[in-house]
2 protein chains.
Amino acid sequence: MSPVIPITPANATKSCAPVAAKCSLCSFNRLCLPQGLAEDDIARLDQIIARRRRVSRDETLYQTGDGFHSLYAVRFGHFKTVQVNQRGEQTIGGFHMAGDLLGMEAIGNGQHSCNAVALEDSEVCEIPFSRLQELVMQIPGLLQQFHRTMSREIQREQSVMLFLSHMRAEQRLAMFLLNLAGRYAQRGYSSTSFQLRMSREDIGGYLGLTVESVSRQLARLRQDGSIVLNNRDLRIIDRNKLEVMSSGGMAQEFAAVA
Amino acid sequence: MSPVIPITPANATKSCAPVAAKCSLCSFNRLCLPQGLAEDDIARLDQIIARRRRVSRDETLYQTGDGFHSLYAVRFGHFKTVQVNQRGEQTIGGFHMAGDLLGMEAIGNGQHSCNAVALEDSEVCEIPFSRLQELVMQIPGLLQQFHRTMSREIQREQSVMLFLSHMRAEQRLAMFLLNLAGRYAQRGYSSTSFQLRMSREDIGGYLGLTVESVSRQLARLRQDGSIVLNNRDLRIIDRNKLEVMSSGGMAQEFAAVA
DNA sequence: CGCATATTTGACCCGGGTCAATCACCGTGG
DNA sequence: CCACGGTGATTGACCCGGGTCAAATATGCG
């Protein structure tokens, strides 16, 4: 029914069948820690991965206050990271999909500062951090890739700060959808047709908007023909229009001038 | 006149007099990369530091698009990091003071994604990243400290996202002032009396508010006796009241109940 | 002393939050 | 098969915090 292929594990026969779970065979390895590593270095990385862990929908991978021991690479499925302040208000720090690395925020003080929750049945590779630290000291390429990954997380958050500060609701939604599309494209999926794995409320939590605003903005995007949206099935009809919106309609002005 | 001691270099006789510039002698080393290192490891770190670089007020340390070669540790003075989007709107990513590490956002793709601008005459230690990478592979404690530093930056930004999403102007200001106070306390300065090194506009850019809002909120804090503020000289009078405000006045409710 | 910039203050307005009702979807049990 | 309850999503009405525009001050620098 859904036009989007649910990402399922390649015939997951037994949880102890490690063949399909090796980094070298993982189709997302170029987006993950093994990126750029030689075969045998990937094999060494494989060896320190404690286990593949299933996390079913709505289950928590880790939560605020949990002691930090491991990073987690998403193998398949989707996660959100949630911060809750003392008043119970939630902010979604990000949505994470195959190849993304989770838990880096916890290295600093040894405990997690957000909750990681699966948006659907998912699987992660658990990477014990102490062993990773040993390994990066032996594999320069792995060290570099790890640093790049943390740095990109810093950059990503800075760009979130930017749109939280300055963008209107419409821009935020347009940018959000384009960002998702781009990430699916990176992973070899359709960038024009996919499922939103998160609720409207989660989208709002990420974009700094209420559910109602998200709903209204999506309605507007639907009305002006930019997207087709049934429940969570999304199809991007006019990517260009979304891009114009995401930059605050400035492209229009330029176009008018030029 | 100012009640706050301007942070000046310990008798900076010549730029080539390295004695006072050694990490081991730097009074902020416990807040910086050398934290937790043994004497001789600190000495090795010292050796890879290319130079101390003066950056005068309003001068740019690096800017968006610059190739990434080094990280910079603030020795004294203050910096802001500024992101500019395609429409020219600015967001202040953060304010940085002695012991803070700048430039980590650029590791990921090899070029800087924000501008680092000195808020006053300042000095940084330039740390060539390639040499740092070599060194962390030899000094486990340094590797750990570097990872902690990046992780804390991720955490810091997440908490900024949180207040950009949910907090009202008053809370943001209160939280901002308390945060500054805490950081000065860490550095051995007064946490109740200090100078704001940044303009109202920069504060607004950081907090996601306009200059006018910042000015009005500061006026309110002054009126209700929480602070005394003359130009940029700040004195925190009622820290408790600020804390109540920063948590959205919830503490009041609790107090009323208890 | 005088200009440029920073800050403050006032008046007005609007985007999006809030509150509330309705609708759609879905799994459950009779 | 359908009634039903629960959750998620949509839509409408209203309101307010803070943005915008404008003007008055203050400040600091040359």
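Order of the sequence lines sets the chain letters (A, B, ...), proteins ahead of strands, with each chain counted from 1. Computed from a prediction, not measured in an experiment: that's the story for all the values here.
In this structure, the side-chain contact (heavy atoms from CB on, under 4.5 Å) partners of Met161(A), at least two apart in sequence or on a different chain, are Glu157(B), Val160(B), Met161(B), Leu164(B). With sequence neighbours excluded, the residues satisfying side-chain contact (heavy atoms from CB on, under 4.5 Å) with Gln111(A) are Asn109(A). The side-chain contact (heavy atoms from CB on, under 4.5 Å) check on Ser190(B) picks up Thr192(B), Ser193(B), with sequence neighbours excluded. In this structure Lys241(A) satisfies the salt bridge (Lys or Arg N to Asp or Glu O under 4.0 Å) test with no other residue, sequence neighbours excluded. For the salt bridge (Lys or Arg N to Asp or Glu O under 4.0 Å) test, no residue two or more places apart in sequence or in another chain qualifies with Arg168(B). Residues passing the ring-ring contact (aromatic ring centres under 6.0 Å, His included) test with His112(A) are Tyr62(A), Phe68(A), sequence neighbours excluded.
Among residues at least two apart or in separate chains, salt bridge (Lys or Arg N to Asp or Glu O under 4.0 Å) pairs with a member in residues 205-232 of chain A are Glu170(A)-Arg220(A).
Residue Ser215(B) is in base contact, counting any heavy-atom pair closer than 4.0 Å across all strands shown.
Arg220(A) has its CZ atom 10 Å from the C1' atom of dG15(C), to the nearest Å. Atoms CZ (Phe163(A)) and C1' (dG15(C)) sit 17 Å apart, rounded to a whole Å. If you take CG of Leu218(A) and P of dG8(D), they are 17 Å apart, rounded to a whole angstrom. Here the P atom of nucleotide dT7(C) and the CG atom of Asp202(B) are 9 Å apart, to the nearest Å. Atom CD of Gln217(A) and atom P of dG12(D) are 14 Å apart (whole Å). Here the P atom of nucleotide dT8(C) and the CD atom of Glu201(B) are 13 Å apart, to the nearest Å. For Arg232(A) and dT7(D), the CZ to C1' distance is 11 Å, given to the nearest whole Å. Arg57(A) has its CZ atom 10 Å from the P atom of dG27(C), to the nearest Å.
Set against dT11(D), dT7(C), dA9(D), the side chain of Arg200(B) has dT7(C) as its closest nucleotide. Of the candidates dT8(C), dA9(D), dG16(C), dT8(C) carries the atom nearest the Arg222(B) side chain, counting heavy atoms from C-beta on.
Here the side chains of Arg53(B) and Glu123(B) are not in contact, with every heavy-atom distance at 4.5 Å or above.
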#### Entry: Nucleotide-resolved protein contact map, nucleotides 19-30 of chain D, B/S/- at heavy-atom distance under 4.0 Å
SBB-----SS--
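Partner of Glu120(A) under the side chain to side chain donor-acceptor pair (under 3.5 Å) criterion, out of Gln195(A), His78(A), Arg57(A): His78(A) alone.
Direction change of the helix axis from one end of the helix from dC1(C)-dG30(D) to dG30(C)-dC1(D) to the other is 40°, with five pairs defining each end axis (rounded to 10°).
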